[in-house]
Amino acid sequence: MLNGLNEAQKLAVTTINGPVIVMAGAGSGKTKVLTHRIAYILDQTGISPYSILAVTFTNKAAAEMKKRVEDLIGVDTRYMWISTFHSFCARLLRLEVDKYLPPYNHNFSIIDEEDSLKIVKDIFKKLDIENYKPKYLRELISKAKNFIGFNLRDPYLKSVYDKVSEEYEYFLKENNMLDFDDLIIKTIDLLKNNPEVLQKYQDKFAYILIDEFQDTNDLQYKLVFMLANRYQNIFVVGDDFQSIYSFRGAKIENIKRFRDDFQSSKLILLEENYRSTEEILNLANQIIEHNPNQIKKVMFSNNKNGMVPFYYEAASDKSEALFVIDKINRFHIDGDSYSDFAIMYRTNYISRVFEDALIKAQIPYQIFGGLSFFARKEIKDMVAYMRIIVNSDDDFSFNRIINEPKRKIGPALLEKLNKHAYDLKVSLFDAIPSYNGSGVGVQALKDFYKTIISIREELNNYPLKNLIDILLDETGYRTMLLNEDPEHERINNIFELKNVLKETDELVDGDNFAKLNSLLNDLSLRSEYDEAKDIDCVTLTTFHQAKGLEFKNVFMVAMEEGVFPSEYHLDDLDLDEERRVCYVGITRAKERLYISCSKYRRLYGQSEAMLPSRFIKEMGTKYLKNISADYSKKSQIDFSKLVDKSITAEDYKLGDKVIHNVFGKGIVVGVAENALKVAFPSPTGIKTLIKNHPSYHKI
């Protein structure tokens, strides 16, 4: 079980009793340590797998931990307490909320940011607020929940905030709903106000492990401390060099706080990196040394004799983009996949010039962290239908889909139904049978009610995946999409939900109601980090979104003063974090690292003179090779020399096989002067594609 671990990793795995804090440098195998530690504890102590609590920050990381533990010792990890903070709190609340947090019950709905914003927008209409944007007030509500000591100095803003916040919290409580912030807050409240429940979970979790500890906020730390304080078998893994989320409330101070609160804690350093070359780590060590007040670590690697990172100062932002494209093409021709490349930048607007260059060079790319599958309107509508099926108290979901598709149920009728439901103290859905009225809208309400009840009553009589077709047909949603979307893209998105339901059917125990509840809970807890595309393409990403990722070749672009570090983050504390962001960018690279800037960049519609980032000066010349002179004559690279001409429009013929970034593999069934007709597997069907578009290529 300890085979393959270095000495520091073995110490972290086998020191199982008492508080332990591990400072795990980038690429040092922290997930390996966490999973081996769980397996080691189970093997050595014989305790139940359900006596271990392991918490991380993304569903993807939690799933990876479960899989690795299962591979190590063969235990069924499906129901182990290995999850994100939010999933852990949701699970605990569903077990305890009925008894300890009335009027909430275990069937509560979890709303995401978009749903939350919609509620605030409705409150704005109700209160006739025009001076502020709903999104701003929603952000203030979230900050008030996450930042201890949150305070508004502007008295008028505070009065507006107080009204909106009160209405918002009242709506959630009345509709048995919790937002993401509430999950942790309500869990803390439940444990704090019910000592017997706190002791129950302190006794239950004999060992507690926390991943990415540097990213915890005040509330998450408080929750961890409450659970671990009795027996103090608490193991946290983090890296103060990679604390870059203060804008989300993350507190790097929690590392010092942990050592103060658990004074007997053992500090273990993981300094051997298994990702990057020694040359890249030398540069990373050089830049992070400029930050004060941190736990001393010197990352090293046995992967020596790599290339020294390169520095390029371009004449303009376009020249910088052409330099990057040139390198990608050269390495791609030499055998690197497009997915081996990442272009990283400090802020999103930088991406445009690189997107333009990639498109012109016919290089496929993705912007990591773009609109996720489950954020699309048609998917959210289907999820709302599912919510109503399992939770008729969910007025928010009811309002979302009562006129999707259109049912001629107007605002006046809904207002009357609202009053009727209020008088009866029931939900909007449950108020429909007793509502007396006439007209097309009232009949549509009654028909809607019968449809949902019928689907609910039959839910256990067929495979769960069939629910999609039943919802599409019984609600009229399929007809609406076919009329609105002749390309069938939106309905194809919904068909993908069948796969999700099928997987749920296979992995979750219980009847279809239990399975659907489990799925809806998981969907509510998904994050952008779980939605990366699995295609061969160049990745464009901000440094923040890149954390946790790794690439063979990394381009850190737009390294200029005012861009990175940002002009908004130039005081000492912010600058320390900006430097940590830079460190994160460097340590994403495995073999090749290029750092570039531009003498001129087009900003706000005009060309601005730029200075190299102070971080480049801090990197020095010992670990960074300046190749600007080598490319001074290539600042105007001809794209025609960069594009791989091995496949041209004339090469396509009937029967050729292609692969598309979205639709997958297909066969050419028609060839025109500027377009191809390609047949893809069901449900996509035949698509007309522009010739030589970068979204597909010939196999």
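The first residue in the sequence is number 1, and the count goes up from there. Every value quoted in this text rests on a predicted model; they were computed, and no experiment measured them.
In this structure the side chain of I210 reaches within 4.5 angstrom of the side chain of F85, judged on heavy atoms. No side-chain heavy atom of T277 sits less than 4.5 Å from a side-chain heavy atom of S301. Looking at L540 and F368, their side chains never come closer than 4.5 Å, going by heavy atoms from C-beta outward. For the pair R275 and I280, the minimum side-chain heavy-atom distance is 4.5 Å or more.
Annotation: F341 is not in aromatic contact with H332 [ring centroid separation under 6.0 Å not met].
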Carefully, step by step, assess T542 and Y345 under the rule side-chain contact (heavy atoms from CB on, under 4.5 Å).
CA-CA 5 Å; T542 65; Y345 36 81; 3.8 Å; yes
Full working for side chain to side chain donor-acceptor pair (under 3.5 Å) between E577 and S246:
CA-CA 8 Å; E577 179 154 331; S246 64; 2.9 Å; yes
Evaluation steps, salt bridge (Lys or Arg N to Asp or Glu O under 4.0 Å), between E113 and R138:
CA-CA 9 Å; E113 287 186 15; R138 172 64 191 99; over 6 Å; no
Evaluate salt bridge (Lys or Arg N to Asp or Glu O under 4.0 Å) for R352 paired with D356, printing each intermediate quantity in order.
CA-CA 6 Å; R352 186 195 62 80; D356 287 347; 2.7 Å; yes
Quick one: do V557 and D317 satisfy side-chain contact (heavy atoms from CB on, under 4.5 Å)? Show the steps, please.
CA-CA 9 Å; V557 301; D317 50 0; over 6 Å; no
Pair K297, D240 - check salt bridge (Lys or Arg N to Asp or Glu O under 4.0 Å), show working.
CA-CA 10 Å; K297 291 194 303 295; D240 52 350; 3.1 Å; yes
Could you give me the CA-CA distance, side-chain angles and deciding distance for M23 and I255, then say whether side-chain contact (heavy atoms from CB on, under 4.5 Å) is met?
CA-CA 9 Å; M23 288 291 98; I255 293 173; 4.0 Å; yes
Would you check, one step at a time, whether the test side-chain contact (heavy atoms from CB on, under 4.5 Å) holds for V224 with F258?
CA-CA 10 Å; V224 170; F258 179 92; 6.0 Å; no
Run K547 and E212 through salt bridge (Lys or Arg N to Asp or Glu O under 4.0 Å) and show every step you take.
CA-CA 11 Å; K547 187 172 178 295; E212 301 286 9; 3.0 Å; yes
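Counting non-hydrogen atoms of neighbouring residues, nucleotides and ligands closer than 6.0 angstrom, the NZ atom of K377 exceeds 12 such neighbours. Counting heavy-atom neighbours within 6.0 Å of K599 NZ, excluding the residue itself, gives a total of 12 or less. No more than 12 heavy atoms of other residues, nucleotides or ligands sit less than 6.0 Å from atom CG of N305. Heavy-atom contacts from other residues, nucleotides or ligands closer than 6.0 Å to NZ of K121 number 12 or fewer. By the neighbour-count criterion of 12 heavy atoms within 6.0 Å, atom CG of N293 is sparsely surrounded, having that number or fewer from other residues, nucleotides or ligands.
The salt bridge (charged side-chain N to carboxylate O under 4.0 Å, His left out) test applied to E279 returns no partner, not counting sequence neighbours. Applying the salt bridge (charged side-chain N to carboxylate O under 4.0 Å, His left out) rule to E253 yields no partners; only residues at least two apart in sequence or on another chain are considered. In this structure, the salt bridge (charged side-chain N to carboxylate O under 4.0 Å, His left out) partners of K304, at least two apart in sequence or on a different chain, are E278. The salt bridge (charged side-chain N to carboxylate O under 4.0 Å, His left out) test applied to K67 returns D71, not counting sequence neighbours. Residues satisfying the side chain to side chain contact (heavy atoms under 4.5 Å, CB included) test with A24, not counting sequence neighbours, are V22, S28, K30, V237, L270. Judged as a ring-ring contact (aromatic ring centres under 6.0 Å, His included), and not counting sequence neighbours, F551 has no contacts.
A donor-acceptor pair under 3.5 Å links the side-chain atoms of S316 to the main chain of S319, judged by distance alone. For N291 (side chain) and D576 (main-chain N/O), a donor-acceptor pair under 3.5 Å exists by modelled atom type. At least one donor-acceptor pair closer than 3.5 Å links the side chain of E561 to the backbone N or O of R614. Although no hydrogens or angles enter the test, the distance criterion places no donor-acceptor pair under 3.5 Å between the side chain of E550 and the main chain of T587. In terms of modelled atom types and a separation under 3.5 Å, the side chain of N254 and the main chain of T216 share a donor-acceptor contact. Formation of a donor-acceptor pair under 3.5 Å by the N329 side chain with backbone atoms of I325 is found in this model. Using modelled atom types, one side-chain atom of T35 and one backbone atom of T31 make a donor-acceptor pair closer than 3.5 Å. Under a 3.5 Å cut-off, the side chain of R588 and the backbone N or O of L549 do form a donor-acceptor pair. E271 contributes a side-chain N or O that, together with a main-chain N or O of V298, makes up a donor-acceptor pair within less than 3.5 Å. Remark: the backbone N or O of Y600 is paired with a side-chain donor or acceptor of S598 at under 3.5 angstrom.
A salt bridge does not link R580 with D239: none of the charged nitrogens is closer than 4.0 Å to a carboxylate oxygen. Salt bridge K118/D115: absent, no basic N to carboxylate O contact under 4.0 Å. K251 and D215 are not joined by a salt bridge, as no carboxylate oxygen comes within less than 4.0 angstrom of a charged side-chain nitrogen. Here K380 pairs with D112 in a salt bridge; the nearest charged N to carboxylate O distance falls below 4.0 Å. With salt bridges taken as basic N to acidic carboxylate O contacts below 4.0 Å, none links R579 and D574. Ion pairing between R601 and E320 holds under the 4.0 Å rule for side-chain N and carboxylate O.
Partner of F555 under the ring-ring contact (aromatic ring centres under 6.0 Å, His included) criterion, chosen from F310, F354, Y594: Y594. Among F615, Y583, F564, the single residue meeting the ring-ring contact (aromatic ring centres under 6.0 Å, His included) criterion with F543 is F564.
No donor-acceptor contact under 3.5 angstrom links the side chains of N146 and D218, judged on distance only. Checked by atom type, the side-chain pair S628/N626 shows a donor-acceptor distance below 3.5 Å. Side-chain N/O atoms of S142 and E139 include no donor and acceptor closer than 3.5 Å.
Between Y312 and F323, the ring-plane angle classifies as parallel under the 30° and 60° cut-offs.
Within the model, atoms CD of Q286 and CD of E618 stand 9.0 Å from one another, a figure rounded to the nearest 0.5 Å. A distance of 14.0 Å separates CZ in F331 from OG in S337, rounded to the nearest 0.5 Å. One distance of note links CD1 of I21 with CD1 of I268; it measures 10.5 Å at 0.5 Å rounding. Here the OH atom belonging to Y274 is positioned 7.5 Å from the CG atom belonging to N302, to the nearest 0.5 angstrom. Note: L183 CG to K145 NZ = 9.5 Å, rounded to the nearest 0.5 Å.
In this structure, R248 is positioned above the aromatic face of Y245, its NZ or CZ under 6.0 Å from the six-membered ring centre and within 45° of the axis.
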